[in-house]
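Just below is one structure, and these are the notes that go with it.
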There are 2 protein chains.
Amino acid sequence: MPVACHPMTVTIYDIAKKTGVSPKTVARILNGESGRPKNVEKIKRVADELGYIRNKSAATLRSGKSNSIGVLISSLTNPFYPVFLESLYSEAKGRNLHIIPGVTFGDMENLRESVDLFIESRVAGIIASVDEEHPLEEWEDVVEKIIKLKIPLLLAGAESKWKEVPGFLGDETRTMTLIIKHLLERGRSNIGFVGGPLHVQGHKSRHDGFLKAMDKAKLKQRPSWILTGEASVIGGEQMALKLLQRKNRPDAIICSNDILAIGAIRAAHLENLDIPGQIAITGIDDIPLSEFTYPELTTVRQPRAMMAKVMLDTVSPETRNKNDRREMLSHVQLIARKSS
Amino acid sequence: MPVACHPMTVTIYDIAKKTGVSPKTVARILNGESGRPKNVEKIKRVADELGYIRNKSAATLRSGKSNSIGVLISSLTNPFYPVFLESLYSEAKGRNLHIIPGVTFGDMENLRESVDLFIESRVAGIIASVDEEHPLEEWEDVVEKIIKLKIPLLLAGAESKWKEVPGFLGDETRTMTLIIKHLLERGRSNIGFVGGPLHVQGHKSRHDGFLKAMDKAKLKQRPSWILTGEASVIGGEQMALKLLQRKNRPDAIICSNDILAIGAIRAAHLENLDIPGQIAITGIDDIPLSEFTYPELTTVRQPRAMMAKVMLDTVSPETRNKNDRREMLSHVQLIARKSS
DNA sequence: ATGAAAGCGCTAACAT
DNA sequence: ATGTTAGCGCTTTCAT
């Protein structure tokens, strides 16, 4: 009598033998396709009994494609990205897709290696976030490599100059309009701006959105109240300090993301200014920590789940070319907390 | 004349044909093994010319194992995990390993699915972080499934009860001793404690470390100054509020992580207490944001790179059973900032 | 709805 | 150091 040691791996052939059907049928059933109810039941039971675990590599090798989506980000320490990733993870769950994050640490060689790994793994698509660590210029050859292989690619945080590659940017004018309206309601009209570097498209579009929204609101723009620089807490702090130390300082500062706003809040503390009494401060993105600053940060939340959905739609073979995007992306939402 | 359309994929056979050597030789060279210099040069050149990209699935299928390490975490929103992951990513880089994070959102079914994906992908090893979202009790059957398949597993943040599975916990008594010494140097000896739930081992060990370190320092422990509860910003705020609103309040609060400490800082602000003048506050972990709280948080940094190294050593087949760990993990470092 | 046969691209095992 | 052969476990294709 054979000892029941751990079989190295159980395959569809083992199940086929034990159930008396062909391997093909087993594969079909286990992939969720239809079959004779009797077979379905039996196959599933036997698979369970034997502890069957499908071999993803075999499937990927044979079919030439996997159900993984590669996601390129520069960092996890920037609190924006964990949120971004979590949305993608959530959305991927429902559609039998797997997210593989590639973290570049702002290093071009790491970026290339991550892309190579994605290609080696035959990912179904790639979502790449374009930020100050990897501005659009750096992407040239990487993007072309991916295009050549016909792997669906999406550039998040940038407009794309490649016709095969969609870009993805929020409606920043709308966002800014929302914030300005809120500030006006709270009696602030002397509004300053603290933003990230203009050579990064995502930051530039927020900056431009601010200008447009100020125009629309017929508010006076003072160039000296509009500062841009490094998109970090320290950067935000320093820029905000400059604004707050002026003789005629603004009564509100719109920061183009929450990181900068956290810096601006620190600046106000350093200047012993009451928030929001003497200075209102707002951010954008609603990163997890913005709820816990002191005082809690007023910010704008993008429709994250929706964005994740659109991104995965764009990049998954089954759902590509469903271009019902633009409409949805405007559903931004102001989160009014205590800093304004 | 055949049109040079995109060849679907270039394989080692194509390179072998073009260079006149056998596929095996091509594979060897491209995997970085040695060969005749002339061959090496030629093969690498031709591979480059043809745009060869190795098929990871084929390799994994044939060899039965991949160079990926699965990492289970409950969330990315908890700022501890991005740091944890980044260390692993960095360390993996140097050794030709790939990190695949599985995010469970604290949901048991997601956890199971992530593990199944890891198994399907034939990961070389799995690192699982045990926290309040998935306390040790929940891991039972998952761990046993992994053990049965002989996949190296490491439980981070817990002691393991399985002999095949190493656990991983920092030296918390040492950490606490360091913090208490620091507080004593700054003239604080009325020390309170705010910690996470005791049914979670990671939190319990910090709590116990605190008690031991207080004993060692011969400081008086008042049970009413030792609070544990939800390990969140809100939890930290509420517990700290309780301490700060007492008639005899402590002059320092040790929080068992930075998240709790951020809550405690908020509590001090709400009570209009000066930090560190009236109350000193410390955290543990040195999450990215602790540098940017107001005032900046004094905290303790674990030797992250070292921990990542040890973790990967533990789960990588080549380096298992090198048990030179314990020594290194004590190299914790106090980061004295402005909150103490 | 199911079966039979072939083959994806690599590495293992063995031979030279 | 290199070549030969076989086969990993699935999916594809074609036939029934």
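Naming: A, B, ... by sequence-line order, numbering from 1 per chain.
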Please check if the number of heavy atoms outside B/K44 that lie under 6.0 Å from its NZ is greater than 12. no
Sequence neighbours excluded, every pair satisfying side-chain hydrogen bond (donor to acceptor under 3.5 Å, both in side chains) that has a member inside residues 19-30 of chain A: A/S22-A/T25
Name all residues meeting the side chain to side chain contact (heavy atoms under 4.5 Å, CB included) criterion together with A/S114; count only those two or more places apart in sequence or in a different chain, and write none if there are none. A/L72
In degrees rounded to 10°, what angle is found between the helical axes fit to the five outermost pairs at each end of the helix from C/dA1-D/dT16 to C/dT16-D/dA1? 10°
Set of residues satisfying salt bridge (charged side-chain N to carboxylate O under 4.0 Å, His left out) with respect to B/E120, sequence neighbours excluded: A/R54
Identify, with sequence neighbours excluded, every residue that meets side chain to side chain contact (heavy atoms under 4.5 Å, CB included) alongside A/N67. A/K56, A/N96, A/L97, A/H98
What is the distance, rounded to the nearest whole Å, between atom CG of B/L30 and atom C1' of C/dC10? 12 Å
Using only heavy-atom distances, determine whether the side chains of B/E133 and B/T104 contain a donor-acceptor pair under 3.5 Å. no
Side chain to side chain contact (heavy atoms under 4.5 Å, CB included) against B/A27, all qualifying residues, sequence neighbours excluded: B/I12
Going by an N to O cut-off under 4.0 Å, is there a salt bridge joining B/K42 and B/E49? no
Sequence neighbours excluded, which residues qualify as side chain to side chain contact (heavy atoms under 4.5 Å, CB included) partners of B/R36? B/N39
My understanding is that only residues two or more places apart in sequence, or in another chain, count here; which of them pass salt bridge (charged side-chain N to carboxylate O under 4.0 Å, His left out) with A/K17? none
Short of 4.0 Å, heavy atom to strand atom, which residues of residues 112-120 of chain B count as contacting DNA chain D? none
Tell me, please, which residues at least two apart from B/E164 pass salt bridge (charged side-chain N to carboxylate O under 4.0 Å, His left out). none
Hey, is the main chain of A/H134 close enough, under 3.5 Å, to the side chain of A/W139 for a donor-acceptor pair? yes
Aromatic rings B/Y81 and B/F84: how do their planes relate, parallel, tilted or perpendicular, breaks at 30° and 60°? perpendicular
Contacting residues from residues 33-46 of chain B, given that a heavy atom lies under 4.0 angstrom of DNA chain C: none
Where along nucleotides 8-16 of chain D does protein come under 4.0 Å, by heavy atom, of base (B) or sugar-phosphate alone (S), with - for untouched nucleotides? BBBBB----
So, is A/T25 near the phosphate of C/dG3, with a side-chain N or O under 4.0 Å from OP1 or OP2? yes
